Amino acid sequence: MAGHFSLEPAPTDPVQTQYRSIKTAIPVPESIPLLESLDKYESRSMHGQLPIVWDRAEGFQVHDAWGNTWIDFTSTIFVTNSGHGNPRIRKALQAVLDKPLLHTYTYASKERADYLKYLIENTPAQFEKAFCLSAGTETTEVALKLMRLHGRLSKPSKIGIICIEGNWHGRTLGAQMMGYNPSQKEWIGYLDPHIYHIPFPYPWSDEAMADPAAFARKGLEKLLADKKLNADTDLCGFLLETFQGWGAVFYPPEFVQEIKRFCTQHGLLLSFDEMQAGFGRTGTLFGYMHYGVEPDLLCLGKGASSSLPLSIVLGSTKVMDLPDIGSMSSTHSANPMVCAAGKANLEALLEDGLIENSKNLGLVFHEALQSLQKKYPQHLRYVMGKGLLAALHFKSESGEALSSLCDRISLLCLHRGLIVVHTGRESIKLAPPLVITKEALLEGVSVLDSAIADAISGK
Ligand SMILES: Cc1ncc(COP(=O)(O)O)c(C=O)c1O
């Protein structure tokens, strides 16, 4: 997302439906001083976002202070899965706020004990313990540490970690080394020689699609041969992004099952980075559940609380207890407010049928999006995703990435009362809160339809 949308107000046609309202030019002229103030006082890296100022957000709608209302197809960025301002979360937060108990460091609190018990009781059996942090990138760093500590138990050389080309795991040092994008890690100046990557089985690769398990084996065998590695004594773990984030690209299950076999055979821990995939987004509690394998470690964040900063690593007692007391903790870990939000969020997902809604409405969503693909086949090449997660891939007939077309579509959607995830690449991502209704979902798709048509015709 290198560019910056113009801060010149653009006229819009008025919109008034049950779910959307657009009454002003965009950006709203009165919002410009605030946007300029952020440009002046905050680092540039935080900017480049669609030019609106959020004032209130509830359910699947976002409001500004000037009477505009949008249907949200972003959940901010895969965070507010149980809905913006979910009433269960607000009530739980209010109770902690009213005590008051705003911070406890690693001293015990009831909120933390209640949440972690509920979390472990409601996740698959191999996850026996949790460790909470604030950011997603911290959890992939923790997975790196735990996989290595575990490997070194059997041999000091057992520290190699395999990741996947094209995947992404956060912005801190270890996370960027495990991520693939070479230009993003140039700043580091060196690369960990024990972090390796094998090719991703993209759906447009005939070889990968013909036999995904053989494609995984080939990648692994080539890696072992090229780097002269002994799988039993030089490798400790595997980290997979549950789907490739920028384009919601899933693996064929056979590819992941082959990786699981390799991990089991050679004593590697299998970790999934579920940042975008977790907490109901793809129609199951966790995204890895589509692959028919059970991971050893899970890196979670974003939708974990639908609100305050909460990220989590889940694993077995044996692995999670490897670090000594004090060597894996953080000042803001498991804050009482955050834990109260995390518990209320998981209760909402499990007890209010939101994961079912993601699964069922996901079918309606993808059917409608497939119709768009058929309508604009020369630009919209693929629609990917599962549940209430989708990515639209825009490429020209010659295969050129249509990134500026995506910028234009995202902006036209904004002018018409729909917020989509602007990636800065050739994809537009869609992730409405899981509380969305069928009617609002289809209204959002119709806005997208009109924006694609007008962007293609140069409007
Ligand atoms: C797959 C994946 N991993 C890790 C991260 C990093 O999370 P955070 O931005 O909370 O550090 C993200 C964030 O977008 C992500 O999508």
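Please read these numbers as outputs of a predicted model, since none were measured by experiment. For ligands, and for the atoms within them, numbers begin at 1 and follow the listed sequence. Just the heavy atoms: all of them, side chains too, but no hydrogens, waters or symmetry mates, feed the values below.
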Legend entry - Rounded distance (nearest 0.5 Å) linking atom NE2 of H393 with atom CZ of R425: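 Between H393 NE2 and R425 CZ, I get 9.0 Å after rounding to 0.5 Å.
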What protein heavy atom is closest to [atom], reported as residue, atom name and distance in Å?
| atom | result |
| --- | --- |
| atom 9 (O) of ligand 1 | R171 NH1, 3.8 Å |
| atom 6 (C) of ligand 1 | T137 N, 3.6 Å |
| atom 10 (O) of ligand 1 | G136 N, 2.8 Å |
| atom 15 (C) of ligand 1 | M275 CB, 3.6 Å |
| atom 12 (C) of ligand 1 | W168 CZ3, 3.4 Å |

Inset, instruction - Using the side-chain contact (heavy atoms from CB on, under 4.5 Å) rule, pick out the option among L405, L372, L402, I409 that qualifies with L380. - result: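 Testing L380 for a side-chain contact (heavy atoms from CB on, under 4.5 Å) against L405, L372, L402, I409 leaves exactly one candidate, L372.
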Legend entry - Result of checking V435, D72, V79 against H84 for side-chain contact (heavy atoms from CB on, under 4.5 Å):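 The residue from V435, D72, V79 that satisfies side-chain contact (heavy atoms from CB on, under 4.5 Å) with H84 turns out to be D72.
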Legend entry - Subset of ligand 1 atoms that lie under 4.0 Å from at least one heavy atom of E241: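 Answer, ordered by atom number: 1 (C).
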Inset, instruction - Report, in ascending order of atom number, the atoms of ligand 1 lying under 4.0 Å from any heavy atom of Q276. - result: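 In order of numbering, the contacting atoms are 16 (O).
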Inset, instruction - Run the contact test for D273 against ligand 1 with a 4.0 Å cut-off on heavy atoms, strictly below, and give the result. - result: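 For ligand 1, residue contact (heavy atoms, under 4.0 Å) with D273 is present.
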Legend entry - K302, portion touching ligand 1 at heavy-atom distance under 4.0 Å: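 Side chain only.
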Inset, instruction - Apply ring-ring contact (aromatic ring centres under 6.0 Å, His included) to F365 and F73, showing your working. - result: CA-CA 11 Å; F365 193 37; F73 270 12; 5.6 Å; yes
